[in-house]
Engineer: 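Below is one structure. I have some questions about it.
Below, read A as the first sequence line, B as the second, and so on, with proteins coming before strands; counting in each chain starts at 1.
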There are 2 protein chains.
Amino acid sequence: MNDVAATGISVLLVDDHPIVRQGYRRVLESQGDLHVVAEADNAADAYGAFKAHDPDVVVLDISMPGASGLEAIRNIRARSPRARILVFTMHNEAVLVKAAFSAGASGFVTKSSEPSAVVNAIRSVARGERAMSDDIAHILAEDSLSPTGSVLDQLGEREIEILRQFAGGATTEEIATHLNLSVKTVQNYHYLIKTKTGARTDAQLVRLAATCGLTRI
Amino acid sequence: MNDVAATGISVLLVDDHPIVRQGYRRVLESQGDLHVVAEADNAADAYGAFKAHDPDVVVLDISMPGASGLEAIRNIRARSPRARILVFTMHNEAVLVKAAFSAGASGFVTKSSEPSAVVNAIRSVARGERAMSDDIAHILAEDSLSPTGSVLDQLGEREIEILRQFAGGATTEEIATHLNLSVKTVQNYHYLIKTKTGARTDAQLVRLAATCGLTRI
DNA sequence: ATCCGGCTTGGGAAATTTGCCCGAGCTGCA
DNA sequence: TGCAGCTCGGGCAAATTTCCCAAGCCGGAT
């Protein structure tokens, strides 16, 4: 491996919003040492782009249609354990953060962070360090202290993803398509989530998701 | 800068993610005719910034924490009816689009749009035209409904009451009992409300009720 | 090595709800 | 008088939800 510090840091941007990618690209490139060598707008393309360009850092938003972003992380890491992945998203739920790290992410930064925090996180991750924004650290700290787990802790990763999409207004079929599952499976998850959380109504489910920060209203 | 009209279009950016604002700013300013004169990261500051800078166009994401973005639109328009507001968000639910337009927005563009579509929308809005991205036009076309009013204006007294209880988490039977109606009638109202508002999902209904202040979450 | 438990994925079948059509009573209004 | 709109519910096919079950997989415990 050559010296990253001398040549700069190559970045693969993964986000489903074209304009957002454009913006990030400009912000990162204005730093001088960061170079966006490729972009992808979905989890499926992310690994292809990674393979083709072998970037130092992958910056990706985990809230994408198609396969879950967590899926993408595992995907990339399974084939390239050296990969450095920085999750960059608007979500800040403790369960999500933990899921991302255990999936193999090297860092987790929210979009509420200052641009400087984001670029510093990219540099940290490129050096092989772990990185997270202050708000994430705070949330993880609180979480580790609280004896009463959030309701979401009872839910598996898939369940959380489905709950998020459901609360966001997606139909069962849309979720099935996004996640490449059968409608039947999504229906079963829907039911499972309700029983696990104790919600007796779809509306209660949405409120629950909202109060847990899974969705914004 | 003497004549704004001759020198380009001044823009106020409202989005709660600093990095995202940075990115938009760079994308817009690279166009030459667009100038970001101010930014705000919440609905409350948006009007202050508007008053201070009198921009030609306000570009804002309605999915912000704190006060609803719709609130912000109404706020600005109430005091400055000339204001041109372009909603720029990742959401693409028909109910939200209609709510935004009836709140006084001049345009609605999703973040899935190409950057060129976004800047063109800004130019259109600056000229006083209405603008929306193709996906939004498609969604509204499908929706193909009555000329607007606030979404709640289409609903009768009973419908609103039932929507409130439903969004609050009540079961169909519970609502029927509370209001002394047959379950069948409540079911019919449920259906009616969905078709009238264009909500395709119970979750969308809850979100709608929440954004209209019918229920708190 | 083996077993256990949990996650994920779906089948099946009964129960319930939805989607959409309908009619009827009531009110206000032209 | 008549129309229009809200309120209330029946009917019925289609879809969804509700439960229960099974199989594969994986990680941890024995």
Engineer: Just wondering, do B/K194 and B/D202 contact through their side chains at under 4.5 Å, heavy atoms?
Structural biologist: yes
Engineer: For B/R77 and B/A83, indicate whether the former's side chain and the latter's backbone hold a donor-acceptor pair under 3.5 Å.
Structural biologist: yes
Engineer: Would you please confirm or rule out a distance under 4.0 Å between OP1 or OP2 of C/dG10 and any side-chain N or O of A/T185?
Structural biologist: yes
Engineer: Nearest of C/dT8, C/dT17, D/dC8 to any side-chain atom of B/Y189?
Structural biologist: D/dC8
Engineer: Over how many whole Å does the gap from B/R158 atom CZ to C/dC26 atom P extend?
Structural biologist: 16 Å
Engineer: Tell me the interatomic distance from B/E159, atom CD, to D/dG9, atom C1', rounded to whole angstroms.
Structural biologist: 15 Å
Engineer: Answer yes or no: is there a donor N or O on one side and an acceptor on the other, between the side chain of B/H138 and the main chain of B/D134, under 3.5 Å?
Structural biologist: no
Engineer: When you check the phosphate oxygens OP1 and OP2 of D/dT16, does a side-chain N or O of A/H190 lie under 4.0 Å from one of them?
Structural biologist: no
Engineer: Going by modelled atom types, is there a donor-acceptor pair between the base of D/dG11 and the side chain of B/K184 at under 3.5 Å?
Structural biologist: yes
Engineer: Under 3.5 Å, side chain of A/E29 to main-chain N/O of A/V36, donor-acceptor pair present?
Structural biologist: yes
Engineer: Write down the distance between NZ (B/K194) and P (C/dT17), rounded to a whole number of angstrom.
Structural biologist: 13 Å
Engineer: In this structure, how many angstroms lie between the P atom of C/dC20 and the CZ atom of B/R200, rounded?
Structural biologist: 13 Å
Engineer: Counting only side-chain heavy atoms from C-beta out, which of D/dT16, D/dG10, C/dT9 sits nearest to B/S182?
Structural biologist: D/dG10
Engineer: Taking any heavy-atom pair under 4.0 Å as a contact, classify B/E161: base, sugar-phosphate, or nothing.
Structural biologist: nothing
Engineer: Donor-acceptor pair under 3.5 Å: do we get one between B/N188's side chain and the base of D/dG10?
Structural biologist: yes
Engineer: From CG of B/L179 over to P of D/dC6, roughly how many Å is that when rounded to an integer?
Structural biologist: 18 Å
Engineer: Expressed as a whole number of angstroms, how long is the span from B/L192:CG to D/dG5:P?
Structural biologist: 14 Å
Engineer: May I have the distance from A/Q187 (atom CD) to D/dC20 (atom C1'), rounded to whole angstrom?
Structural biologist: 15 Å
Engineer: Return the value, rounded to whole Å, for the distance between atom CD of B/E174 and atom C1' of C/dT17.
Structural biologist: 16 Å
Engineer: So, A/Y24 versus A/F88, ring centres under 6.0 angstrom or not?
Structural biologist: yes
Engineer: Does B/Y191 have a side-chain nitrogen or oxygen under 4.0 Å from the phosphate oxygens OP1 or OP2 of C/dT17?
Structural biologist: no
